[in-house]
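Structure first, then comments.
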Amino acid sequence: MTEKIEEHTSKDVDPPRISTGSEGLDDILAGGLDRDRMYLYEGNPGTGKTTIAMQFLLEGVRQNESVLYIALSETRQELGLVAQRHGWSLDGIDIFELVPPETTLDPERELTVLYPAEVELNETTKLILDRVESVNPSRVVLDSLSELRMLAQTPLRYRRQVLALKHFFASRNCTVILLDDLSSDSVDLQLHSISHGVVALEQLAIDYGAQRRRLRVVKMRGIDFRGGYHDFTIKRGGLAIYPRLVAAEHHASFPQEIISSGNGGIDELLGGGLERGTNALLIGSAGVGKSSIALSFAIAAAIRGEHAVVFAFDEGLQTLETRATSLGMPIKAALDSGRLRIQQIDPAELSPGEFASIVRNSVDVDGARIIVIDSLNGYLNAMPDGRFLVLQMHELLTYLGQQGVNTILVLAQHGSSGPMDTPLDISYLSDSVIMLRYFEYAGTVRRALSVLKKRSGRHEQAIREFKLSRRGVVVGPPLTEFSGVLSGTPQYIGKTLPSVSGEDNEVA
């Protein structure tokens, strides 16, 4: 009876996986690949198949395994150049070259040379099998299947040869990565059915900015992978893959407390401040003071000893520092202490997946408690397809909230007065909405501030005037004789406007 229980338990244990050589892909696959299986990496030329395949073999070298690269489409020199530019060494990788380089007339060169288009498929296959038996590798990359497809000439013969390779490798206890550059007229579904798993890599050209790359796990037998598209970039050191953020996978405990903005007037409007783990949307026209108020939250966090990060899509570091200094904010001390970091983001060069990865790293590694995204308009420009911005922002805000991080979002409306439109409606995702408006009084342009929404806790219903002065953001008393604020044409209809301290030192 005991033996039967032990046998049943051993069968239920998930066999150990092997790393793909990419931390991001391992995360998508919940641990890596199953051993002794055949996988397919497919994509058009330039998508990074060779690079990620080299990472797979280099991981094997780090594990003291015997690895083999079968090159049917690239020369040793080309592979060496790829490795050099990534800072890799090919030591430990057996490269079996099956393409004729220009230096093949050198009699001292110990390479196997043949012209795949001029030999029979079975001869090429035999050379591959002989080399595998000689090296006895535990990891193999075959690059690429397009040459075998041309030699086979017919789909039936090609499928039989790939099946034969699969059974051969299975008997050798080695894990195989097949590369396919999709040179055939249609997607090879037969190859998909033969392979244990399929990873598709894509390169997208957008109207402006750098090309975007993404991958998708098409199938993976017996592995519960994270579906959908995942952004990646090719950098020195290999593919940097950014797994799609799933907020439900990330939970953390944090204290229930009120977070101050560092400004008494704003805190009073918010009923004391923002609850830990919530987000606030600052909405208004350009120049009304949204970024200044958002920055005050970040600097207040730094003063409390917390780490805050400002992601600036629209302004440079120098501009933000200059403005904060003119408003009397102690930004230099916060930056020098390391508790405040301002990172400028170029939306033309950064994919949404990479941005989400940077934000996650700020929270998980740096311990950020306040995140400022200034602005959502710039983030929208980073999206190749704006339809999915709200979905991605929903996951990001949910993740940050579940980590106890307060997020301050800035959104600029179109226009300066009258009815104003926003490029997207994200107010339903926001826990608090703070509206900033211009209004006219006695021939001058003034600024008004109000809290339209706060999900948790109370907030003030009044509209207050505020000024940007050398003393910072100065909030005045409630304005009770106002009309037309929500219509987009706020007007003060009272006889006298309550004064705001610091009015004489106002900063434009």
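FYI, side chains are in, hydrogens and waters are out, and symmetry mates aren't considered; it's all heavy atoms of this structure.
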Can you tell me which residue pairs pass the ring pair (Phe, Tyr, Trp, His ring centres under 6.0 Å) test with a partner in residues 35-79, sequence neighbours excluded?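 For residues 35-79, and leaving out neighbouring residues, the ring pair (Phe, Tyr, Trp, His ring centres under 6.0 Å) pairs sorted by first residue read Y39-H196.
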
State, with a plain yes or no, whether a side-chain heavy atom of [X] is found less than 4.5 Å away from one of [Y].
{"X": "D346", "Y": "F313", "value": "no"}
{"X": "V140", "Y": "T175", "value": "no"}
{"X": "I93", "Y": "I95", "value": "yes"}
{"X": "S66", "Y": "V135", "value": "yes"}
{"X": "V410", "Y": "L376", "value": "no"}
{"X": "D26", "Y": "L33", "value": "no"}
{"X": "V199", "Y": "L40", "value": "no"}
{"X": "F225", "Y": "R216", "value": "no"}

Salt bridge or not between [X] and [Y]? Use side-chain N to carboxylate O under 4.0 Å.
{"X": "D34", "Y": "R17", "value": "yes"}
{"X": "R226", "Y": "D27", "value": "yes"}
{"X": "R139", "Y": "E59", "value": "no"}
{"X": "R276", "Y": "E306", "value": "yes"}
{"X": "R341", "Y": "D366", "value": "yes"}

Can you tell me how far [atom2] of [Y] sits from [atom1] of [X], rounded to the nearest 0.5 angstrom?
{"X": "L182", "Y": "N44", "atom1": "CG", "atom2": "CG", "result": "5.5 Å"}
{"X": "S362", "Y": "F311", "atom1": "OG", "atom2": "CZ", "result": "3.5 Å"}
{"X": "I434", "Y": "L282", "atom1": "CD1", "atom2": "CG", "result": "5.0 Å"}
{"X": "L400", "Y": "H250", "atom1": "CG", "atom2": "NE2", "result": "10.5 Å"}
{"X": "F297", "Y": "L274", "atom1": "CZ", "atom2": "CG", "result": "4.5 Å"}
{"X": "I370", "Y": "T407", "atom1": "CD1", "atom2": "OG1", "result": "8.0 Å"}

To check you understand the geometry: which heavy-atom pair defines the closest contact between [X] and [Y], and what is its length?
{"X": "G46", "Y": "I234", "value": "O-CD1, 4.4 Å"}
{"X": "F355", "Y": "L350", "value": "CB-CD2, 3.8 Å"}
{"X": "N377", "Y": "A412", "value": "OD1-N, 2.9 Å"}
{"X": "R85", "Y": "R236", "value": "O-NH1, 2.9 Å"}
{"X": "L317", "Y": "Q344", "value": "N-OE1, 4.0 Å"}
{"X": "V310", "Y": "A298", "value": "CG2-CB, 3.9 Å"}

Would the distance check show the side chain of [X] and the main-chain N or O of [Y] forming a donor-acceptor pair, the cut-off being under 3.5 Å?
{"X": "H230", "Y": "P243", "answer": "no"}
{"X": "R244", "Y": "G228", "answer": "no"}
{"X": "E78", "Y": "T75", "answer": "yes"}
{"X": "S337", "Y": "R339", "answer": "yes"}
{"X": "K166", "Y": "I194", "answer": "yes"}
{"X": "K49", "Y": "E42", "answer": "no"}
{"X": "S195", "Y": "L191", "answer": "yes"}
{"X": "S171", "Y": "F168", "answer": "yes"}
{"X": "E202", "Y": "L215", "answer": "no"}

Could you go through the side chain to side chain contact (heavy atoms under 4.5 Å, CB included) check for D91 and V61 one step at a time? CA-CA 9 Å; D91 295 343; V61 173; over 6 Å; no

Any side-chain donor near an acceptor of the partner, [X] and [Y], under 3.5 Å:
{"X": "N406", "Y": "R369", "answer": "no"}
{"X": "S22", "Y": "T20", "answer": "no"}
{"X": "E275", "Y": "S456", "answer": "yes"}
{"X": "H251", "Y": "Q403", "answer": "no"}

Which one of T278, N279, D431 satisfies the side chain to side chain donor-acceptor pair (under 3.5 Å) criterion with R455?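 Result for side chain to side chain donor-acceptor pair (under 3.5 Å) with R455: D431.
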
When you look at L239 and L201, which way does the side chain to side chain contact (heavy atoms under 4.5 Å, CB included) test go after all the steps? CA-CA 11 Å; L239 265 65; L201 294 87; 4.0 Å; yes

Checking E147 against S73 for the side chain to side chain donor-acceptor pair (under 3.5 Å) test, could you report, in this order, the C-alpha distance in whole Å, the side-chain angles of both residues, the deciding distance, and whether it holds? CA-CA 7 Å; E147 280 69 23; S73 59; 4.5 Å; no

Residue from D143, V141, D94, L98 passing side-chain contact (heavy atoms from CB on, under 4.5 Å) with I70: L98

Pick one: which of K235, R212, R214, R360 meets salt bridge (charged side-chain N to carboxylate O under 4.0 Å, His left out) with E354?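 Only one option passes, and that is K235.
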
Please determine whether the number of non-hydrogen atoms from other residues, nucleotides or ligands lying under 6.0 Å from atom [atom1] of [X] exceeds 12.
{"X": "D224", "atom1": "CG", "result": "no"}
{"X": "E349", "atom1": "CD", "result": "yes"}
{"X": "R160", "atom1": "CZ", "result": "no"}

Test side chain to side chain contact (heavy atoms under 4.5 Å, CB included) on E395 and M393; report intermediate values, then the result. CA-CA 5 Å; E395 289 295 322; M393 184 55 63; over 6 Å; no

Y242 vs T233, test: side chain to side chain contact (heavy atoms under 4.5 Å, CB included). Steps then yes/no. CA-CA 9 Å; Y242 313 107; T233 57; 3.0 Å; yes

Given salt bridge (Lys or Arg N to Asp or Glu O under 4.0 Å), test R149 with D180 step by step and report yes or no. CA-CA 10 Å; R149 187 183 291 111; D180 188 8; 2.9 Å; yes

